[in-house]
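To keep things clear, I will list the structure first and then write my remarks on it.
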Number of protein chains: 2
Amino acid sequence: MPLNELDERIVHALAADARRSYADIGAEVGLSAPAVKRRVDRLLAAGAITGFTVRVDPAALGWQTEALVELYCRHNTSPADIRRGLSRYPEVASASTVTGEADAVVQVFAADVRHFEQVLERIAGEPFVTRTKSVLVLSPLLRRYGAGSPG
Amino acid sequence: MPLNELDERIVHALAADARRSYADIGAEVGLSAPAVKRRVDRLLAAGAITGFTVRVDPAALGWQTEALVELYCRHNTSPADIRRGLSRYPEVASASTVTGEADAVVQVFAADVRHFEQVLERIAGEPFVTRTKSVLVLSPLLRRYGAGSPG
DNA sequence: GGTGAAACGGCGGTCAG
DNA sequence: CTGACCGCCGTTTCACC
């Protein structure tokens with residue numbers, strides 16, 4: 001779906017603050033409030049905007065341990081299987097299938113190292129998981145668009 | 001800041017859909033709308049919730065290639081050096097220093113594989129970088145809690 | 001894409017447990 | 001101190017031009 005410059009400015013405004021009123025955004029980009037809403041609705045329908053969420057400070061919520069876990073799965077495991085299995089863990093912030101030796105990389109937030117160990121054991125115990133390999137995040141250097149945080 | 005179970009459920013509801021009305025969330029967690037708002041205001045004031053944003057489909061915005069890049073740096077490189085060096089790249093969505101062999105893991109969004117290759121070459125050419133090792137993201141399985149995408 | 005009107009939700013004050 | 005009820009007002013969201 002082709003976005004024009006107006007759409008990009010609207011998305012940019014919403015990315016900075018999704019609670020800004022349509023009238024306010026309209027004043028910035030040069031449209032009326034209903035016109036902005038129609039574009040946002042169109043972006044939602046097209047899947048360019050997939051939803052609205054909160055930006056959270058993991059540490060402030062008590063999730064002080066972050067880790068990246070490589071998942072090695074059985075050969076007949078589908079991405080959907082992995083998704084289903086991981087979606088039950090509130091500690092899993094994001095997950096993607098990847099090229100290379102591992103099948104998926106999972107971003108996990110936990111209260112502390114002890115909590116992370118428990119989560120890792122449970123994930124490693126999933127029937128589709130054969131092996132895991134994880135690194136702990138020391139300090140988040142940049143968190144521009146990606147990288148979420150738990151709730 | 002200590003969050004009780006009610007706060008966590010409210011944050012979780014907002015993470016799933018930040019546009020849900022306070023009354024709606026209140027019905028789910030067993031509170032009235034004003035009570036939910038007061039808790040959200042408190043979470044905002046405490047910095048636990050840092051803002052509201054849109055979840056965007058990177059592909060729809062023209063960023064169809066995502067990669068995770070492990071960075072191996074000179075031994076005297078500080079996290080601040082890495083941060084400074086990477087912050088100049090708009091394609092870098094997030095970066096963290098990590099335990100293990102690599103010094104940092106960087107999440108990169110690019111228009112296509114060709115674009116990614118160019119970005120990777122430039123990052124690999126940074127004076128503090130000795131080696132890189134990257135995997136391409138095949139499909140994003142889970143992208144919770146505002147995790148995301150460029151804008 | 002702009003305009004006007006109606007419905008909804010946000011948000012303060014106020015009171016009760 | 002935390003939650004519930006009730007105003008007013010801004011915002012959303014239509015139908016229509």
Side-chain angles (χ1 to χ4, degrees), chain A residues 1-64 90 111 145 148-151, chain B residues 1-57 59-62 143-149 151:
Chain A
M1 171 196 183
L3 299 200
N4 63 23
E5 189 248 358
L6 227 40
D7 292 320
E8 290 197 14
R9 287 172 67 188
I10 290 173
V11 170
H12 191 263
L14 286 173
D17 179 9
R19 287 206 308 186
R20 284 183 67 182
S21 73
Y22 291 139
D24 196 16
I25 296 172
E28 184 178 308
V29 304
L31 290 176
S32 70
V36 174
K37 178 191 163 19
R38 276 197 286 263
R39 281 176 180 267
V40 172
D41 285 344
R42 191 164 49 81
L43 291 167
L44 279 164
I49 296 177
T50 59
F52 297 83
T53 75
V54 283
R55 217 179 302 124
V56 179
D57 178 10
L61 284 167
W63 301 76
Q64 303 192 343
Y145 321 106
S149 49
Chain B
M1 173 194 182
L3 298 203
N4 61 25
E5 189 246 0
L6 229 40
D7 292 319
E8 289 195 15
R9 288 173 66 189
I10 290 173
V11 171
H12 192 263
L14 286 173
D17 179 8
R19 286 206 311 187
R20 284 182 67 182
S21 73
Y22 291 139
D24 196 16
I25 296 172
E28 183 177 308
V29 304
L31 288 177
S32 72
V36 174
K37 180 195 162 11
R38 286 174 62 172
R39 283 176 179 268
V40 171
D41 285 343
R42 192 164 49 81
L43 291 167
L44 278 164
I49 296 176
T50 59
F52 296 83
T53 182
V54 283
R55 215 181 302 123
V56 178
D57 179 8
L61 285 168
R143 210 122 289 199
R144 275 204 286 239
Y145 310 124
S149 48

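The sequence lines fix the lettering, A, B, ..., with proteins before strands; numbering per chain opens at 1.
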| Once you round it to whole Å, what is the distance between P of D/dT2 and CG of B/Asn4? | 10 Å

| Atom pair CG (B/Asp24) and CZ (B/Arg19), whose distance is rounded to the nearest 0.5 Å | 13.0 Å

| Value rounded to 0.5 Å, distance of CD in A/Glu5 from CD1 in A/Ile10 | 10.0 Å

| query | Contact class for B/Ser21 vs. all strands (heavy atom < 4.0 Å): base, sugar-phosphate, or nothing? | reply | sugar-phosphate

| query | Taking only side-chain nitrogens and oxygens of B/Lys37, does any of them come within less than 4.0 Å of OP1 or OP2 of C/dG10? | reply | no

| request: Measure from the side chain of A/Tyr22, starting at C-beta and using heavy atoms only, and say which of D/dT13, C/dG2, C/dC11 lies closest. | output: D/dT13

| Any side-chain N or O of B/Arg38 less than 4.0 Å from the OP1 or OP2 oxygen of D/dA4? | no

| Any idea which of D/dA4, D/dC14, C/dG1 is nearest the B/Leu31 side chain? | D/dA4

| query | Just how far, in rounded Å, is P of C/dG9 from CG of B/Asp17? | reply | 13 Å

| Which whole number of Å gives the distance between the P atom of D/dT13 and that of C/dC11? | 15 Å

| query | Do A/Arg39 and A/Asn4 come within less than 4.5 Å of each other through their side chains, counting heavy atoms only? | reply | yes

| task | Determine: side-chain N/O of B/Arg19 to OP1/OP2 of D/dT12, distance under 4.0 Å, yes or no. | result | no

| Rounded to whole angstrom units, what separation is found between the CZ atom of B/Arg39 and the C1' atom of C/dG10? | 19 Å

| query | Which whole-number value in Å describes the distance from B/Ile25 CD1 to C/dC11 P? | reply | 12 Å

| Length of the line joining B/Asp24:CG and C/dG10:P, which is rounded to integer Å | 10 Å

| said: To the closest 0.5 Å, what do you measure between OG1 (A/Thr50) and CZ (B/Arg143)? | reply: 10.5 Å

